[in-house]
Structures are given as structure tokens and as C-alpha cells.
Amino acid sequence: MATIKVKKLKSIPADITVPGDKSISHRSAMFAGLAKGTTIIDGFLPSEDCLCTVKAMQALGADVEPLEEVEGIGLVKLAITGRGRVLKEPESFIDCGNSGTTMRLLSGILAGQQFTTELRGDESLSRRPMKRVADPLALMGAKIEGHGMSVCAPLHVTGGALQPITYELPMASAQVKSAVLLAGMFAPGKTTVIEKVPTRNHTESLMTHFGVKWYRKGHEVTVYGNQEPQPNDISVPGDISSAAFWMVAAAATPGSQITIRNVGLNPTRTGVITVLLRMGAQVTHSDEKDNGEPHGNIVVKGGELNGTHIGGAVISNVIDELPILAVAAALARGSTLISDAQELRVKETDRIAAVARNLRAMGVSVQEFDDGMEIEGGAKLRGTTIETFGDHRIAMAFAVAGMFAEGQTVIEGAECIATSYPGFERDLNRFVLGEPPGQAIPVLSRVPRSVGARLGKAEET
Ligand code: S3P
């Protein structure tokens with residue numbers, strides 16, 4: 001088991017870049033694998049989750065050529081050559097690892113194929129509910145079998161002739177919305193998803209990028225049927241969910257300033273900026289737009305943070321940032337209420353229970369509710385041993401908390417961080433060890449070398 005021993009924060013680096021956006025990386029690999037022809041994906045996130053998606057598309061017939069690797073991070077540029085929307089039946093089961101996004105979105109794609117695929121996951125993923133995608137996909141005509149009432153993995157997805165549906169999401173979930181829209185590309189006619197609360201819209205922006213016709217009317221997203229994505233090179237911006245760790249570290253350090261470069265700034269993902277501003281942090285950003293996804297540099301200046309209420313429509317926008325925002329709340333003056341966040345109970349672990357337990361272990365008073373928690377800010381944090389429960393965002397949020405604690409904080413089971421943020425520990429060390437003033441942005445050496453073996457046939461299953 002990997003552990004990270006975190007000491008007190010020494011200084012905030014002037015500049016940092018974070019690896020590529022996880023949601024966009026997954027979707028780019030899927031759309032590229034469904035397109036006839038070659039798409040080059042640059043800025044790809046080579047985390048375990050996203051590599052599961054790449055290997056899945058490879059097992060389904062796409063050709064994957066590694067193009068560029070960054071030391072300490074992994075494969076950041078690759079070419080995916082798809083064979084069109086009719087995929088090859090895989091020789092064996094597909095391993096989705098820890099990745100809910102892989103399993104749920106892939107179910108939508110497989111619903112449109114004429115064969116049965118088995119999707120497996122690790123222990124955590126095998127406990128997560130897949131009924132939320134099995135239900136609408138069954139309405140469209142696919143058969144999705146899993147275990148128990150929640151339809152848990154291993155899943156057997158049998159695709160077939162689909163019919164279009166209009167489906168209102170029972171919970172705010174971009175993964176469910178995306179699964180239905182992806183399946184909709186294989187049905188005749190128009191498939192519509194109604195989302196009362198907006199969720200991240202990367203599937204929609206990438207449908208545009210890959211030439212798939214769709215439109216939005218109010219709360220309804222409609223995709224036209226019988227479509228095939230067209231190959232189109234894409235550049236993936238940095239992940240704001242990864243940037244959030246350093247945004248909070250800087251925001252809670254009076255007198256500090258950090259610039260986080262080339263971060264995705266899709267408005268369905270920038271709730272963390274909104275919340276930090278409300279807590280009294282100074283956050284500004286530049287905006288650029290290409291490939292349909294806005295991105296830019298985020299500048300955070302540190303100061304005193306105040307408690308706030310995080311609830312309602314902003315929740316789906318900050319769903320992955322709530323663990324680190326809970327840490328920000330512990331470092332703030334006054335109390336913070338997080339409500340309407342019951343979805344946190346079915347993430348990689350029960351994130352409400354995991355955050356409450358670890359904050360308490362650090363000396364923070366926390367009251368837990370079914371849909372959130374109230375955190376009393378301002379207590380002196382004490383270093384302790386953190387249980388990650390195999391959840392990457394718990395591990396990283398408490399590594400940041402550890403930088404503000406007296407004594408040493410030990411993150412046990414830190415290997416889970418690789419599911420979303422390769423290079424996290426190296427970046428954390430820049431805060432813990434400090435850097436000489438005026439240090440330039442480290443230029444990562446780009447090392448093109450064959451990583452074919454890692455993605456090769458022998459490891460496909
Ligand atoms: C994701 C959507 C969110 C998020 C997950 C990635 C996506 O899940 O928590 O990390 O890429 O669509 P839900 O859609 O289940 O809320």
C-alpha cells in the first residue's frame with residue numbers, strides 16, 4: 001500500500017499546470033473510437049480511469065497509437081483510429097477498473113451494438129449503482145444485466161435495434177445523460193434527455209466537435225439518431241477538478257498567489273470558483289475557446305476564508321470538488337453547510353462519511369446529514385493518519401488538509417490517486433518543500449517513446 005507523508009506547507013508555487021480533464025479525455029477517446037478515421041488527442045489525461053476507456057475502445061476494434069509521453073505523468077498524446085460506429089465484438093470482458101464514467105458511458109455505446117459485452121470493475125466500482133443507466137437503456141431496447149437491486153457490475157450489456165426515447169433524469173447525473181445520448185446516436189429518430197438541474201455538458205460539446213447533430217431547448221438535450229462521429233483532432237485542457245486542490249491551498253494562505261495554467265473553464269464545471277469567491281477568496285481567470293471547450297489561466301490570491309452554504313443547483317457543478325471544498329470550509333472562519341449532495345454517498349466511496357470521519361480525526365467538528373454535512377471552521381488541524389477508502393479525491397483533499405495541520409499527516413492507500421491525477425505527489429512536493437523565489441514554470445520534458453506494450457493486446461483484458 002502506498003502512503004504519502006505530508007508535512008506543513010512551505011510556500012505556494014507561482015505557477016502550476018495540472019494534467020488533462022478527465023471527463024473530456026474519456027469522451028474524446030470514445031468519440032474517436034466511434035469515428036471512421038484518425039483523431040489525434042493532445043493533452044490527454046493518462047490516469048488509470050482514462051486508460052481503461054482507451055483500452056476498452058481498443059478491445060472494441062479501434063487502433064491506438066501512442067505519440068507522446070511526459071515523464072512522471074504518462075501518455076499525453078495519442079492517435080485513435082476508429083472503424084466507425086459498428087464496433088468489433090471484444091474477445092474477452094472489458095475491465096473498467098475504478099471508472100464509473102467508463103462503465104456508464106460505454107454501456108450507452110454498447111447498447112447500440114449487435115453483441116453482448118461483459119463489463120467488469122474493481123471492488124469499489126462493483127458496488128456502485130448501474131441501474132441508473134440500465135433503466136433508460138432497457139427502455140430503448142437494450143438488455144443490461146447486473147447484480148442485485150442496484151444492478152451492479154459485472155454487467156452484461158446486450159445491444160440491439162434501439163428505439164428513441166424521451167427520458168427525464170431521476171438524479172442530476174452527466175454520466176446517465178451521456179449514456180442515453182450516446183445510445184441515441186444508434187436509434188432512429190430523436191432521443192431527448194430532460195435534465196432539471198444542469199450537469200456537465202462535455203458530451204454535448206464533443207458531439208459538436210465530432211460532427212454529431214444535437215440541440216438544446218431549455219432543460220432538454222436532443223440528439224438525432226443514426227449518426228456516426230467524424231474524426232477531428234482535439235486538445236484537452238487541464239482538469240479544474242485537479243486544479244481545485246491547489247486553488248484551495250492558495251486561497252487559504254494569506255499573502256500567496258498562484259497561477260494555474262490552461263485549465264478547462266466550461267461553465268458547467270466552474271462552480272468551485274463561484275464557491276471560493278463566496279468564501280472570500282480572490283479568483284480571476286482568462287478565457288480562450290477552441291475545440292468547443294473554454295479554457296484559460298486561473299489566478300488565486302490567498303486571504304481569510306469565510307464559511308458559506310453550498311447547496312441547490314451548484315452541487316452538480318462542484319460534485320467532484322466537494323471533498324476539497326469541505327477542507328476549505330475547515331480552514332475558514334465560521335461554519336459551512338453542504339446540502340443537496342446525497343449523490344456523494346454513491347461515488348468511489350461514501351464521500352460524506354469519508355470526509356466527516358477524516359475531518360473529525362484532524363480535530364474538526366462535523367455534523368453529518370443524509371445529503372451533506374455542517375463543518376465548523378477555524379479549529380487547529382492536527383496531523384493524523386487518513387483513511388482514503390480507495391477514493392482518489394479523499395486522498396488528495398486530505399493531503400492538502402495535511403499541509404495546514406500541526407505535525408505529520410499520513411495518507412494511507414495513496415495509490416488510488418493514479419485514477420485521476422498522475423504526478424500529484426510531485427506537485428504536492430512543490431508546496432511542501434517550497435521553491436526558490438522567481439522559479440520558472442518547470443518545462444516537462446516530452447519523451448516520445450513506445451508505450452505500445454502498455455496499451456498492447458497482451459494487456460487488453
Ligand atoms: C462525470 C460525471 C460526474 C462526476 C464524475 C465524472 C462525467 O458523475 O462525479 O467524476 O465525466 O460525466 P455523475 O454524472 O454520476 O454525477
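Along the sequence shown, residues are numbered consecutively beginning with 1. Just so you know, ligand 1 is whichever comes first in the structure, and atom 1 is the first atom listed for that ligand. Quick note: numbers below take in every heavy atom, side chains included, and nothing from hydrogens, waters or symmetry partners.
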Can any side-chain N or O of K143 pair as donor or acceptor with the backbone N or O of A111 at less than 3.5 Å?
no
Is the shortest N/O to N/O distance between R393 and ligand 1 below 3.5 Å?
no
Ignoring hydrogens and geometry, is there a side-chain-to-backbone donor-acceptor pair from N317 to T270 under 3.5 Å? yes
Short version for H26: what comes under 4.0 Å of ligand 1, heavy atoms counted, is neither
### Message
Counting only nitrogen or oxygen atoms and a 3.5 angstrom limit, does S178 reach ligand 1?
### Response
no
Query raised in the report: Is it true that K22 and D320 make a salt bridge, defined as a side-chain N closer than 4.0 Å to a carboxylate O?
Result: no
Geometric N/O contact A174 with ligand 1, under 3.5 angstrom
yes
Here the atoms of ligand 1 under 4.0 Å from any heavy atom belonging to I319 are 9 (O)
If you compare M171, R269, E343, K347 by their heavy atoms, the one closest to atom 3 (C) of ligand 1 turns out to be K347
For atom 12 (O) of ligand 1, the closest protein heavy atom turns out to be R27 NH2, 2.6 Å
Closest to atom 10 (O) of ligand 1 (heavy atoms only, candidates V176, D320, I315) is D320
For atom 1 (C) of ligand 1, the closest protein heavy atom turns out to be Q175 NE2, 3.6 Å
